[in-house]
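Below, each value reflects all heavy atoms present in this structure, side chains not excepted, and no hydrogens, waters or symmetry copies. Counting starts at 1 for both ligands and their atoms, following the listed order. Please read all numbers here as calculations on a predicted model, not as lab measurements. Index from 1, following the sequence.
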Amino acid sequence: MNTLFIADLHLCEQEPAITAGFLRFLQREAVHADALYILGDLFEAWIGDDDPAPLHGEIAAALQALQNAGVPCYFIHGNRDFLLGKRFAAISGLTLLPEEQVVELYGRRMLIMHGDTLCTDDQAYQEFRQKVHNTWIQRVFLALPLRWRLKIAAKMRERSQQTNRYKSAAIMDVNPEAVEQALLRHDVHWLIHGHTHRPAVHKLALSRGEAHRAVLGAWHREGSMIKVSADAVELIQFPF
Ligand code: LP5
Ligand code: MN
């Protein structure tokens, strides 16, 4: 009996080894779990459910197969795939969750999220995030021809990589107060998130007692998952 969490796979046609690793993970590992939670950035960039990229169909079919085998699959949006919508959810069987969700697993209440909202020191990112989460801006973007959307997304990725080179590691990590407030807001002692690509399980000494923050790793050269069971919360890195 265990529940699995993954995030930050950044799947794209240019990285077939990661896709192959993910498909193997679904068939060999996730199929034995009680549920799979994907905490954002499953895809490198999502520009709308009408994108006909063959990769999307392949991933949808694999997720649907997992659920047909009896494993429910949940998704929280990341900063790369926040436009993933109802149409893809329908074909993949994914249940879309809000950006913060509390799950009760084997007697533990755990808060789960992508993690980008905790990076409050990164003001440039938070301003950018506010704009691209605006419903009207999203509607206009989604109404653009696919070619334009691809170009804009590529430009955004390029700019993001450029600006990140000049940001300090501390700015791009979570803000400890934002973490504490999130734990308080939901009255939990456990948090699982991704986004920062710094896999670790941190023990936190809060004024109201001990808490834990488990951070998923990105799938660059190996896979990363968190396995929650009645006995333990394990962060596991594994080869593709
Ligand atoms: O993603 P990552 O790890 O590189 O960096 C993130 C933050 N960057 C982003 C930007 C995404 O990578 C872009 C994804 C495109 C998604 C598909 C397009 C959908 C468009 C929808 C429009 C409604 O999230 C980065 C953080 C980092 O995490 C760590 O937390 O620092 O933040 C930034 O890079 C923000 C920059 O500081 C400023 C943003 C520059 C973007 C400028 C846009 C230019 C657009 C040109 C259009 C013609
Ligand atoms: Mn992210």
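Within the 4.5 Å cutoff, the side chain of Trp190 has no heavy atoms near those of the Leu111 side chain. At least one side-chain heavy atom of Ile38 sits under 4.5 Å from a side-chain heavy atom of Leu63. Looking at Phe75 and Leu84, their side chains come closer than 4.5 Å, going by heavy atoms from C-beta outward. Residues Val103 and Arg108 form no side-chain contact, since every pair of their non-hydrogen atoms from C-beta on lies 4.5 Å or further apart. No side-chain heavy atom of Glu29 sits under 4.5 Å from any side-chain heavy atom of Arg24. For the pair His114 and Asp8, the minimum side-chain heavy-atom distance is below 4.5 Å. Under the 4.5 Å side-chain criterion, counting only non-hydrogen atoms from C-beta, His193 is in contact with Thr196.
Residue contact annotation: Thr163 has a non-hydrogen atom under 4.0 Å from ligand 1. Under a 4.0 angstrom heavy-atom cut-off, Arg157 registers as being in contact with ligand 1.
Which of Trp148, Tyr125, Phe43, Phe128 comes nearest to atom 41 (C) of ligand 1 through a heavy atom is settled by distance: it is Phe128. Comparing Met156, Gln123, Met172, His10 by heavy-atom distance to atom 15 (C) of ligand 1, the nearest is Met156. Of all the listed residues (Asn79, Leu142, Leu118), Asn79 holds the heavy atom that lies closest to atom 9 (C) of ligand 1.
Of the N or O atoms in Gln138, none lie within a sub-3.5 Å distance of an N or O in ligand 1. Between Arg80 and ligand 1, a contact under 3.5 Å exists for at least one N or O pair. Inclusion of His195 in the set of residues having an N or O under 3.5 Å from an N or O of ligand 1 is warranted. For Asp122, a nitrogen or oxygen atom sits less than 3.5 Å from a nitrogen or oxygen atom of ligand 1, counting backbone and side chain alike.
Ring geometry for Tyr37 versus Tyr74: interplanar angle under 30°, hence parallel rather than tilted (30 to 60°). Ring geometry, Trp219 versus Phe25: the interplanar angle exceeds 60°, so the pair is classed perpendicular (tilted spans 30 to 60°). Taking the six-membered ring for Trp and thresholds of 30 and 60 degrees, His220 and His197 have ring planes more than 60 degrees apart, a perpendicular arrangement.
Geometry note: the Mn ion (ligand 2) is the vertex, Asp41 OD2 and His195 ND1 are the arms, and the angle is 170° (rounded to 10 degrees). Rounded to 10°, the angle formed at the Mn ion (ligand 2) by OD1 of Asn79 and NE2 of His114 is 90°.
Nearest non-hydrogen protein atom to atom 22 (C) of ligand 1 is Phe141 CG, 3.8 Å. For atom 18 (C) of ligand 1, the closest non-hydrogen atom of the protein is Ala153 CB, 3.8 Å. Nearest to atom 8 (N) of ligand 1 among the protein's heavy atoms is Ser160 OG, 2.9 Å. Of the protein's heavy atoms, Arg159 NH1, 3.9 Å lies nearest to atom 44 (C) of ligand 1. Protein heavy atom at the shortest distance from atom 47 (C) of ligand 1 is Ile152 CG2, 4.0 Å.
Atoms of ligand 1 found under 4.0 Å from any heavy atom of Lys155 (numbered from 1 in listed order, with element): 46 (C). Short contacts between ligand 1 and Ala124, defined as distances under 4.0 Å to a heavy atom of the residue, involve ligand atoms 37 (O).
Proximity of Asn164 to ligand 1, defined as any heavy-atom pair under 4.0 Å, is confined to the side chain (atoms from C-beta onward). Residue-level proximity to ligand 1 for Leu83 is carried by the side chain, the only part with a heavy atom below 4.0 angstrom. When non-hydrogen atoms are compared, ligand 1 lies under 4.0 Å from the backbone of Trp46 (N, CA, C, O) but not from its side chain. Contacts with ligand 1 closer than 4.0 Å are made by side-chain heavy atoms of Lys167 only, the backbone lying farther away.
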Audit row: Leu66, Asn68, side-chain contact (heavy atoms from CB on, under 4.5 Å) steps and yes/no: CA-CA 5 Å; Leu66 179 68; Asn68 292 342; over 6 Å; no
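Salt bridge Asp51/Arg87: absent, no basic N to carboxylate O contact under 4.0 Å. Checked for salt-bridge contact, Arg221 and Glu15 miss the test: no charged N lies under 4.0 Å from a carboxylate O.
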